[in-house]
Amino acid sequence: MSFSQKILEWYYIHKRDLPWRSTTDPYKIWLSEIMLQQTRVAQGMPYYHKFLENFPTVQDLASAPEEKVLKLWQGLGYYSRARNLHATAKMVVVDYNGNFPNTYKELKALKGVGDYTASAIASICFDIPEPVVDGNVYRVLSRYFGVDLPINSTQGIKYFKDLAREVMDVKNIRDYNQGIMEFGAMQCAPKSPNCESCPLNTSCVALKEIRVSQLPVKINKTKIRQRYFNYLVYLDKDNRTILEQRQGKGIWQNLYQFPLLETENLVGHKELTQILNGNLKDSTNKVAMYNKEPIVHKLSHQHLHTRFWILEMDELNSKAIPWEKVHNYPVPVLLADFIKTFKI
DNA sequence: AAAGCGGGGTC
DNA sequence: GACCCAGCTTT
């Protein structure tokens, strides 16, 4: 039996019943695929339901304010996905009259849709024989065929895409593509896969050569930047505070936060007030350190050593917002956790 | 080709 | 701690 037939047989027995598996609606498939980029099914699932409730159609999503999209996305990470999701919804409504394009090329031209996602939508929605290559597929193919080309090198990416195309089942691309991904997630797991019960264990090169734990090969060395954040939580006598929207290129683009003072190192009360002194308003009554032990918020390539400072004010300008409204704004998890625990 | 981009689960 | 997750975009 061929590789693809074994995958399909395994899939029909072991497939999970996931909500996006019972539809070929491009809107729902696209939504699920964007959400699941670099994200586990369990983490993305509640967001998928939440988005469909709030935005039943692509028109609903397109006509929503970006702030609402970001708020619903809050906690899922990689927020460019939410911004691109919104932009693509508008493009589909305006340029495609509300109907998603049905070719790989047009799909890939949509914002936030790369090679993987275009292939996934094309195959699942339109039965186009285009192989998907995600993290699961890299793992399955590299092990089964014993390929040690780095999966994140230019050569490796092309090699595995070509290999995936050779071994795919063009007659049943929908199930095959989802099957090989599911197989990678459930059976050919990253750590201690269950090779004993694997239907491919008689022909798997990595198993035969005892290289399962060494494949796939990945070259990466993301060095982590240490940053020191001081969030200035202003509070006036009416319990109003200041929130700003993050601008520019870095993390958390377009999300909201308290005014941020970033320093080169951890600073104490004295240094902070010295730095602030030039800008400190006369109406500042008290500056209090909220957390003595800095909170270390860990991102993929940054560790954010964070202190919150409470600045009691006589008055704030007219842009101040009541504390009860703070929870309406999209904020990073770091701030959401603080807001949750902080009692006025 | 390499870096930047979140947050959470698992071992 | 290290690694990974239905990757994409920018530099």
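Side chains are part of it too, since the values below use all heavy atoms of this structure and drop only hydrogens, waters and symmetry mates.
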Sugar-phosphate only, base, or nothing, as touched by A:V137 at under 4.0 Å among non-hydrogen atoms: nothing

Side-chain N,O (A:W252) to OP1/OP2 (B:dG7) below 4.0 Å: yes

Between C1' of C:dC5 and CD of A:Q37, the distance in whole Å: 12 Å

Closest nucleotide among B:dG7, C:dC5, C:dA6 to the A:R16 side chain: C:dA6

Side-chain N or O of A:T117 closer than 4.0 Å to phosphate OP1/OP2 of C:dA6: no

Listed nucleotide nearest any side-chain atom of A:Q43, set C:dA6, C:dG1, B:dG6: B:dG6

Sugar-phosphate only, base, or nothing, as touched by A:W30 at under 4.0 Å among non-hydrogen atoms: nothing

Sugar-phosphate only, base, or nothing, as touched by A:G44 at under 4.0 Å among non-hydrogen atoms: nothing

Rounded distance in Å - CD1 (A:I295) to C1' (B:dG7): 16 Å

Touch class at under 4.0 angstrom, heavy-atom based, for A:G250 against every strand present: sugar-phosphate

Gap between atoms CH2 and C1', on A:W73 and B:dC5 respectively (whole Å): 13 Å

Upstream residue (5' side of DNA chain C) when A:G112 and A:E33 are each assigned their closest nucleotide: A:E33

Rounded distance in Å - NZ (A:K223) to C1' (B:dA2): 10 Å

A:W30 with A:V69, same ILVMFWY side-chain cluster at under 4.5 Å: yes

Upstream residue (5' side of DNA chain C) when A:N84 and A:E182 are each assigned their closest nucleotide: A:E182

DNA chain B: 5'-proximal contact among A:S300 and A:N152 (nearest heavy atom): A:N152

Options B:dG6, C:dA6, B:dC11, nucleotide nearest the side-chain atoms of A:K191: B:dC11

Nucleotide of B:dC5, C:dA6, B:dA3 approaching A:Q302 most closely (side-chain heavy atoms): B:dC5

Rounded P spacing from C:dT11 to B:dG6 in Å: 15 Å

Euclidean distance, atom CZ of residue A:R225 to atom P of B:dC5 [Å, nearest integer]: 7 Å

Same-atom distance (P) from C:dA6 to B:dA3, integer angstrom: 25 Å

Name of the residue among A:Q245, A:R246, A:E244 meeting side chain to side chain donor-acceptor pair (under 3.5 Å) with A:Q257: A:R246

Residue-phosphate contact under 4.0 Å: A:R139 side-chain N/O, C:dC5 OP1/OP2: yes

Per A:R21 side chain, nearest of listed nucleotides C:dA6, B:dC5, B:dC11: C:dA6

Sugar-phosphate, base or nothing in reach of A:S80, heavy atoms under 4.0 Å: nothing

Nearest listed nucleotide, side chain of A:K249, among C:dT11, B:dG8, C:dG7: C:dT11

salt_bridge(A:K90, A:E66) N-O dist < 4.0 Å: no

Side chain of A:I251 - closest among B:dG7, B:dC5, B:dG9: B:dC5

Side-chain heavy-atom pair A:Y27, A:L61 within 4.5 angstrom cut-off: yes

Touch class at under 4.0 angstrom, heavy-atom based, for A:L76 against every strand present: base

Side chain of A:H301 - closest among B:dG4, C:dG1, C:dC8: B:dG4

Among A:L255, A:V331, A:L335, A:V333, side chain to side chain contact (heavy atoms under 4.5 Å, CB included) partner for A:Q74: A:V331

Nucleotide nearest A:Q38 when distance is taken to its side chain, options B:dG7, C:dA6, C:dG7: C:dG7

Shortest side-chain distance from A:T39, nucleotide among B:dG6, B:dA3, C:dA6: B:dG6

Value in whole Å for how far the P atom of B:dG8 lies from CG of A:L334: 11 Å

Whole-Å gap separating P (C:dG7) and CE (A:M181): 8 Å

A:R165 and A:D162 ion-paired at < 4.0 Å: no

Touch class at under 4.0 angstrom, heavy-atom based, for A:S32 against every strand present: nothing

The single option from A:L304, A:T306, A:L266 passing side chain to side chain contact (heavy atoms under 4.5 Å, CB included) against A:P294: A:L266

Short side-chain N/O contact to B:dG7 OP1/OP2 from A:Y79, under 4.0 Å: yes

Touch class at under 4.0 angstrom, heavy-atom based, for A:D115 against every strand present: sugar-phosphate

Basic-acidic side-chain contact under 4.0 Å: A:E130, A:K161: yes

Donor-acceptor pair (no angle test) under 3.5 Å: A:R40 side chain, C:dC4 base: yes

Value in whole Å for how far the P atom of B:dA3 lies from OH of A:Y78: 14 Å

